[in-house]
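By convention in this document, chain letters (A, B, ...) are assigned in the order of the sequence lines, proteins followed by strands, and residues within each chain are numbered from 1. What's counted below: heavy atoms across the whole structure, side chains too, no hydrogens, waters or symmetry copies. Fair warning: this is a prediction, and the values are worked out from it, not measured in the lab.
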Amino acid sequence: MTPVFPFSAIVGQEQMKLAMILTAIEPGLGGVLVFGDRGTGKSTAVRALAALLPPIRVVQGCPVNAETPEAVPDWALGVGEEIVEKPTPVVDLPLGVTEDRVTGALDIERALVSGEKVFQPGLLAQANRGYLYIDEVNLLEDHIVDLLLDVAQSGQNVVEREGLSIRHPARFVLVGSGNPEEGELRPQLLDRFGLSVEVASPTDIDERIEVVRRRDAFETERDAFMAHWGAEDARVRDRILAARECLRGVEAPDEALRDCAQLCVALGADGLRGELTLLRAGRALAAYEGAEALGRQHLRRVAPLALSHRLRRDPLDESGSGARVARVVEEVLA
Amino acid sequence: MSEGAARWDRALRALTLLAVDPAGLRGMVLRARVGPVRQKFEALVADLGGEAHRIHPEIGDAELYGGLDVTATLAAGRPVVTGGLADRPCRLILPMAERCAPDLAARLAQLLDASPGHSLILLDEGAEADERAPAPLSERLAFTADLDGIGRLEARGELPHAAIAAARARLPRIALPDEAAAALTALAARFGIDSLRAPLLALRAARAAAALDGRDAVAEDDIREAAELVYPSRATQAPEPPPEEDDTPPQEPPEPEAETPDDDGQLGDLPEELLVEAVAALLPPDLLTRLAEGKASRAARGSGAGAKRRGNRRGRPLPSRPGRPGGRERVDLVATLRAAAPWQTIRRRHEPGPGRVRVHASDIRLRRYEDRSDRLVIFTVDASGSLAMTRLNEAKGAVELLLAEAYARRDHVALIAFRGAGAELLLPPTRSLVQTKRRLAALPGGGGTPLAAGLQAAGLLAHQAQGRGLSPRLAILTDGRANVSLEGAGGRAQATEDAARMARLLRAQGVPALVIDTAARRGDAGRTLSDGLGAAYLALPRADARRLSGAISSALGD
């Protein structure tokens, strides 16, 4: 495995980095959707984030990354008791993947050769307690999308087919990325993502040059580069860990709740998911910044992330939903 | 030197650089029809040495990532796993790259990103301008060479193997002057190349060129050569004049993301204009047409990329067929056992041993489904006063006729009416004929003609339907005389303009449409609308039932 590009060495793209850090602090946020042009560092950021996170403790050989031997599902055979550390799993969900591969299915070969009925776990099992990354999420087939939505919602994968009846935990942070030119996402799926970010290539020439320089240094002088940015990454990791610790202690005063509701009403966001995500993301940010209570300055920063994909589509508004959110945030939180 | 020979030399040079640094440059796109010139080039590619594999656009996961070797597994009676092409660094050659499905492109792109040693040669045999190797892949590869039009005698030369070996050894020590990155990045911006992969690949190419020419540091020539090889095929705009010469904002470039270069993009002592000219001389002659086509086909591709794959809500099972289970197919267990059953006695006789059922690879049957998208016909009916007096009932009659047709074809239908201040979705997509008729009969008439609002509602519904995997078609019944703007205000000028704008948006959305002109006296309004929509046109006054249903079938297609 080659080392991945360090998270803190990514130039610019502050919104994307912030969104990723927030999901690392609060996995309950419901994932990130990154939409943007090619070559803007979407995949790089996802992989970098996973490499940044501390390893998780799992029972060795467990197909669903269970934390304790008691949590290992009974269909998993030959799993020991030993606890080992392994990196936070990042599972790629390729396009054109079959349903069997996602949910797991009857192990056909075992069934044919030895007549045993054995469950072969799929990608959802692998992604438990980690990240499920879908590149080109907008090109994913519909039935796979439906399946993912259902599992992401319930945190459980239920397989009822070919005479099997199996359920196992599947809690993962969904990260999707895509290029809006190639197709849009169904609103149902959009809504399930907690945060969304639109990325574009930097327009500032100096910033672009810096990107090229760093990437080039990463490829040609890897050791020196990793030594420098590895220390930076460690700092970000420590902040994330500290934020996870104090996340529950962050207060959400009534005024903040009122602000959340007002923002959502003013924007006409459907459902209550917007408010909840806004609140959670705000708290995660407050924890990350070491604040004791959720304040307006936090809401202001997370509102575009949490709300811009929940607006009704307006084909005549060319300014884009991000600008609409920014406008309303200025009005409501003035 | 002739133009063809010069192009061949550039392609050969690109291949030589690729041989020096395959891991950094990642590969090249070769656009050429099959012929002696391509054969010659392919022979050179084969001459590169190292492990190479030819893959095909339908390659399965098992071959790519490794998996269970079914034949060996069944023979051995225990799982036998074979390695895939992703396991070890090698060069992959993909012929017919223009037919590569987006999911394979995504997987290969992932492979290129994750693996340190894979390189990829795409053989793009596209005949038409819009038949191209998938962008996510070609964007990751350093070079593009177009071999079409090169004469057989112009294709000469061999790879300099000794120089390549020496350059490989020298490559890690090549120094890069500070301004090289800045110059190449600024240059990419001048040509409207948005992705930052392009300057990175150009940097690698410059290094390889320096190594090949026996230098210890990247020189100006290397930078120019790298730019010449990497940029022309990626350019999205002809270079703008240098910024100091025009202080008015440059003319709106064809691509919105194009930006003007900054004045302070320091180039050191590199003559930027020389670089720009060098690359500009190599811009493909069809750059502008390609851009126009790219824009025009974008809307169609947006829905098209998905329509085939995700546009299918369910599948009708077809008979299973023999095959080798790859990543995508499911084995039809029952059919497989049924195929194996007759052979059991013979097989037991010839292969003594334990085990009850003997299944051979040739018995395996794969499930197949046939699925087809459902059609949704969105009736957008003008119920305004101008129509209500005389022709609303006729329009209703026409819709009923179409409904019967739609019912026979098991289409979904939806009904939108517009009158007064806005449009209303009277009936969301349904298959219920009864409901539609009832709503239609109850449709009141009167008020202004908010054509734009009607089109907008139809466009939104069509968009949602596409997301749900239906193929929407619009049937618009109107006299085309809009007099209420999108905002609900009166005024014919604004209303007409809004309607024209919405028509353009709908057209860009790529939804087939039919305009049925219900005007009592023939006017240009209906015709203008259908032209704006790119839709078929039919005048109702002279349409009888049979003609109408025939027209909608042919106009809306299948």
Could you walk me through whether A:R213 and B:T185 pass the side chain to side chain contact (heavy atoms under 4.5 Å, CB included) check? CA-CA 10 Å; A:R213 280 221 174 98; B:T185 313; over 6 Å; no

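- Considering only heavy atoms from C-beta on, A:V212 stays 4.5 Å or farther from B:L184 through its side chain.
- Remark: B:R204 CZ to A:E219 CD distance equals 4.5 Å, nearest 0.5 Å.
- Atom CG of B:L200 is separated from atom CZ of A:R214 by 13.0 Å, given to the nearest 0.5 angstrom.
- Neither the backbone nor the side chain of B:I174 comes within contact range of chain A; no heavy atoms are under 4.5 Å apart.
- Atom CD in A:E210 sits 11.5 Å away from atom CG in B:L196 (nearest 0.5 Å).
- Between A:I205 and B:A186, the closest heavy-atom pair is CD1-CA, 3.8 Å.
- With a 4.5 angstrom heavy-atom cutoff, B:L203 touches chain A only via side-chain atoms.
- No other option in A:I144, A:D216, A:T44, A:T220 has as many heavy-atom pairs under 4.5 Å with chain B as A:D216.
- The distance from atom CZ of A:R208 to atom CD1 of B:I193, rounded to the nearest 0.5 Å, is 9.0 Å.
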